Amino acid sequence: MSEVVKLERHDEVGIVTVDSPPVNALSAAVRGGILACMKAAIADPAIKGIVLTCAGRTFIAGADITEFGKPPKPPGLNEVLAEMENSPKPIVAAIHGTALGGGLEVALACHFRVAVKEAKLGLPEVKLGLLPGAGGTQRLPRAVGPELAVKMIVSGDPISAQEALTNGLIEEIVENPTAGGEAFARKVLAEKRPLHKLRDNDAKLAAAKANRSIFTNAVAAVTKKARGLEAPFIAADAVGYAIDLPFDEGIKKEREAFFKLLTSDQSKAQRYAFFAEREAAKIAGVPDGTKPRPIERVAIIGAGTMGGGIAMSFVNGGIPVTLIETGEEQLNRGLATIQKNYEATAARGGIPTDAPAKRMALISGVVGIENVKDADLVIEAVFETMAIKKEVFGQLDKFAKPGAILATNTSFLDIDEIAKETSRPQDVVGMHFFSPANIMKLCELVRAAKTAPEVLVTAVSIARKIGKVPVVVGVCDGFVGNRMLMARSRQADKLLFEGALPQQVDAVVTRFGIPMGPFAMGDLAGLDIAWRSRKDRGIKSEIEDALCEAGRFGQKTGKGYYKYEGGSRAPLPDPEVENLVNQTLQRLGRKRRAISEEEILERTTYSMINEGARILEEGIAARPSDIDVVWLYGYGWPIYRGGPMHYADQVGLNVVADRLAHYAKQTNDPTLEPAPLLKRLADQGASFAGMK
C-alpha cells in the first residue's frame, strides 16, 4: 500500500505496520500510508479486526519535525484519525517504545490500546510552545480523567505503561507489541466487545462536571511553575473544553488554540530552541566517520561541590567513577554530601528508594592522583587558579594511561596553557559543567588548539549519554557563557556606580524571565570566588571588592549584596549595601541618577548580545544558535525568548545596534560600541539566524 506503511492479513486480523525509521514520525507519507491501509482493511470483508503497530524501536514518536514551519501536506492527521475512529471494525493500537504527541493521538483514536511494560505515553507539545492539535486535549481527559490529563498535557511529561494501565489509557500490558496486539484483537472479536470510542464516553468527566474545583485545583497545581509561558495555560483551558463542551465543539476550539500558539512568538522561540539543541551536537571541522573512544570508567579530581556534582552526573548515567581527593577528610566529606543528596532525592520520590545505594556503589573514593591509572576519561575539578590546574595536569601526564582523555572543568582559564603541561595536548579538552553539575544540563566543551577530533567526538558522545546538552566552543577568557556573563556583570556593576541598587537591577532581569538577577546570582555562587579570580588576574571591582573585604561573601555568610536571615535563601535588600554604594560613589566623586527599567534591561541584555557577536566573529562559537543553547541550558535564559541571539533578531539588530551606540556615548563606555559583525548585519537589514 505504501513505502512506509503496509497491510498484512492474518486470516481475520489485519496488521497495519508503520516502518519509517528512525522514530516512525507522522510525515505526510506515514499519514497517507496509514489512511490508505485503514481504508483497505475496512473495505476487506475478510478482515474483522485491525492492529496498528510499528516496526523498529518505537511506536509513532510524534510529528515529523522536518515539516515544522512548512505548508501542511495532505492528508491532515485529523482526517486520518476520523477514518480510524469511525471504523466499523475494532482497531487496536499496539505500543512499544514511545507513543508521544501525534503518536499518542493516533492511539487515542483507536478503539483499544495495549503496550509493552517499558513503553512511555505522553503529549509533550507544550515543550514546543504548542498543545496537542489532533484531539489530544479532548480524548485524553475521556481516557484518564481531566486531572491526570491536564497534568500530562501541561507538564508534557510521559507516563509509564503501568500508570497508563492503572488509569485506563491502555487495556493490557503485553510481551510483544504486534503479537500482543493481535491476540488482544482476537479476544475483542471473540467476546464481541463493543467499539470503545473515546469521543462518545464522558464517564470520566462526570466528577469534574459536577464539581469544577476538582479540575481548577489540578490546573493550579500543574501550572504553578509555568511563569511567563503561554502554552501551559492555553493547553489547560483546552482540557477544560472537554468538560464544558460537546466533543466536536471541543475539537474545534482545540484547533483554534493550536493555530494561535503555532503563530506565537513564544512557540517560534521554543521550536527554534528545539532545533538549536540538535544543531549544537554537530561539530565543525571534524571528519565524517570520526569514532568516539570507549569510556568505561571516569576519574574525577576533587570531591568538592563541582567534583561531587560531576561524579553524580556520570553515576546517574551508569558510568563508574573514581573520585579522587588529596586527603581522607575532604574525600569523606565529599562522599557524605553525595550520599545526602541522593537520599534527599529518594525521600521526595525523585529516584527509587534503592537508587542511593546502587549509585553510591558505582563511586570508588580514593586519596592520591596516581589512582587515575584505570580511567578512560579524567576530569579535573579543583580550584580555579592556573597554577593549581597546571600542577594537576603535570601529574595527570605522569599517571593517566595512554589514550585517556584529560579534561578540565575550568570556567575561564586558557586550556592551551594547561595542555602545555602534558606531553599529549591532543588528549586535552575542556568539559565545563555548570553548578549544580548533577542538575544543570549544559556542558561547554572547549576545543583547545591541539585537541584531537576523536576527543571532541567522545566528549560530545559521553556528555549526551549522561543527559547533558553539549556545545563545542573555542578558547578565550570565559569561553561563551561566562564571557557574555562578564559583559552583563560589567554593565550591572556600572549601573550601581550610576545610581541603581542591586534589587532594582535584579528585579528587571527576573521580570524579563531569567530566574535570578546578577547580584542574587553572585551571592549564591559566593562573591569570594570571583574576588579570588579577579585578584589572580589583577582586576578590580570597587563595590564588590569592598563587600568581600567586609566579609560579605553572599549566602554562605548570610550577607552579600543582600542579607539572608535565619538561614533563609530569600534575598532581602540591605541598607548597609546602599550605604556602601553611596560611600563608594562619594569617594570616587560620582553622583547618583535615576535609571529607568528600560535602560537596565537594554544595557544588561544588549551588552551580552554584543559580546555574542564578537564571539561569532572570532570563531569561538560556530553558530549563533550554539550561543543560545549555552544560555538556555546553562544560565536560565527563558526558553520562550529563544536565547539572546534569537531575541536580538526578534527585537531587530538595527534597534540593538542603535541603542548600544546611544549607551556607549551616554556612559563613555567603549565596550558598548556595536561589534563590527552586529553593525554590519544591522546595516544590511540582516539577522543572526540568516548568517552563513
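These numbers come from the heavy atoms of this one structure, side chains and all, not from hydrogens, waters or symmetry mates. Just so we're clear, the structure is a prediction, and the values are computed from it rather than from any experiment.
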Taking [X] first and then [Y], would you say they form a salt bridge - that is, a charged N and a carboxylate O separated by under 4.0 Å?
{"X": "Asp376", "Y": "Lys401", "answer": "yes"}
{"X": "Asp528", "Y": "Lys535", "answer": "no"}
{"X": "Lys420", "Y": "Glu417", "answer": "yes"}

State, to 0.1 Å, how close [X] and [Y] come at their nearest heavy-atom pair, and which atoms those are.
{"X": "Tyr640", "Y": "Gln270", "value": "CA-CG, 4.2 Å"}
{"X": "Ile319", "Y": "Lys465", "value": "CD1-CD, 4.1 Å"}
{"X": "Leu495", "Y": "Thr604", "value": "CD1-CG2, 4.1 Å"}
{"X": "Phe479", "Y": "Val473", "value": "CB-CG2, 4.0 Å"}
{"X": "Ala404", "Y": "Ala375", "value": "CB-O, 3.6 Å"}
{"X": "Ala675", "Y": "Arg614", "value": "CB-CG, 3.6 Å"}

- Indicate the ring-plane relationship of Phe434 and His432, choosing parallel, tilted or perpendicular according to the 30° and 60° boundaries.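 Ring orientation, 0 to 90° scale: tilted.
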- For the residue pair Trp637 and Phe512, does the interplanar ring angle fall in the parallel (under 30°), tilted (30 to 60°) or perpendicular (over 60°) class?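 Rings of Trp637 and Phe512: perpendicular, over 60°.
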Whether [X] side chain and [Y] backbone form a donor-acceptor pair below 3.5 Å:
{"X": "Asp649", "Y": "Ala689", "answer": "yes"}
{"X": "Thr305", "Y": "Pro436", "answer": "no"}
{"X": "Arg293", "Y": "Ile405", "answer": "no"}
{"X": "Glu444", "Y": "Gly481", "answer": "yes"}
{"X": "Lys556", "Y": "Leu527", "answer": "no"}
{"X": "Thr451", "Y": "Val429", "answer": "no"}
{"X": "Glu380", "Y": "Val382", "answer": "yes"}
{"X": "Ser489", "Y": "Leu485", "answer": "yes"}
{"X": "Thr422", "Y": "Arg424", "answer": "yes"}
{"X": "Asn438", "Y": "Met312", "answer": "no"}

Spatial distance of atom [atom1] ([X]) from atom [atom2] ([Y]) [nearest 0.5 Å]:
{"X": "Ser364", "Y": "Leu335", "atom1": "OG", "atom2": "CG", "answer": "9.5 Å"}
{"X": "Lys127", "Y": "Leu229", "atom1": "NZ", "atom2": "CG", "answer": "12.0 Å"}
{"X": "Trp531", "Y": "Ile539", "atom1": "CH2", "atom2": "CD1", "answer": "15.0 Å"}
{"X": "Glu542", "Y": "Phe497", "atom1": "CD", "atom2": "CZ", "answer": "5.5 Å"}
{"X": "Asn332", "Y": "Thr337", "atom1": "CG", "atom2": "OG1", "answer": "10.5 Å"}
{"X": "Leu396", "Y": "Ile379", "atom1": "CG", "atom2": "CD1", "answer": "11.5 Å"}

State whether the number of non-hydrogen atoms from other residues, nucleotides or ligands found under 6.0 Å of [X] atom [atom1] is greater than 12.
{"X": "Phe275", "atom1": "CZ", "value": "yes"}
{"X": "Lys390", "atom1": "NZ", "value": "yes"}
{"X": "Arg464", "atom1": "CZ", "value": "no"}
{"X": "Glu329", "atom1": "CD", "value": "no"}
{"X": "Glu391", "atom1": "CD", "value": "no"}
{"X": "Lys389", "atom1": "NZ", "value": "yes"}

Side chains of [X] and [Y]: closer than 4.5 Å at any heavy-atom pair?
{"X": "Gln491", "Y": "Thr671", "result": "yes"}
{"X": "Ser541", "Y": "Arg534", "result": "yes"}
{"X": "Val471", "Y": "Val480", "result": "no"}
{"X": "Met440", "Y": "Leu442", "result": "no"}
{"X": "Leu601", "Y": "Arg511", "result": "no"}
{"X": "Lys494", "Y": "Arg603", "result": "yes"}
{"X": "Leu323", "Y": "Ile338", "result": "yes"}
{"X": "Arg359", "Y": "Ile351", "result": "yes"}

- Message: The test is side-chain contact (heavy atoms from CB on, under 4.5 Å); show your working for Val126 and Ser155 and say whether it passes.
- Response: CA-CA 7 Å; Val126 72; Ser155 72; over 6 Å; no
- Message: Please evaluate residues Tyr342 and Asn316 with respect to the criterion side-chain hydrogen bond (donor to acceptor under 3.5 Å, both in side chains), reporting the C-alpha separation (whole Å), side-chain torsions for both, the decisive distance (0.1 Å), and the verdict.
- Response: CA-CA 10 Å; Tyr342 277 139; Asn316 294 347; 2.7 Å; yes
- The single option from Glu544, Gln503, Arg552 passing side-chain hydrogen bond (donor to acceptor under 3.5 Å, both in side chains) against Tyr561: Glu544
- Task: Please say which of Ile609, Val630, Asn610 ends up in a side chain to side chain contact (heavy atoms under 4.5 Å, CB included) with Pro644.
- Result: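 Only one of Ile609, Val630, Asn610 forms a side chain to side chain contact (heavy atoms under 4.5 Å, CB included) with Pro644, namely Ile609.
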- Message: For Met608 and Trp631: C-alpha separation, side-chain torsions, deciding distance, then whether side-chain contact (heavy atoms from CB on, under 4.5 Å) applies.
- Response: CA-CA 10 Å; Met608 289 167 45; Trp631 272 82; 3.6 Å; yes
- Residues Arg680, Glu617; criterion side-chain contact (heavy atoms from CB on, under 4.5 Å); working and verdict: CA-CA 11 Å; Arg680 187 165 67 249; Glu617 200 148 38; 3.4 Å; yes
- Task: Would you please test Met691 and Leu681 for side-chain contact (heavy atoms from CB on, under 4.5 Å) and show each step?
- Result: CA-CA 9 Å; Met691 284 178 61; Leu681 291 173; 4.1 Å; yes
- Audit row: Glu277, Tyr633, side-chain hydrogen bond (donor to acceptor under 3.5 Å, both in side chains) steps and yes/no: CA-CA 9 Å; Glu277 180 185 336; Tyr633 292 106; 2.8 Å; yes
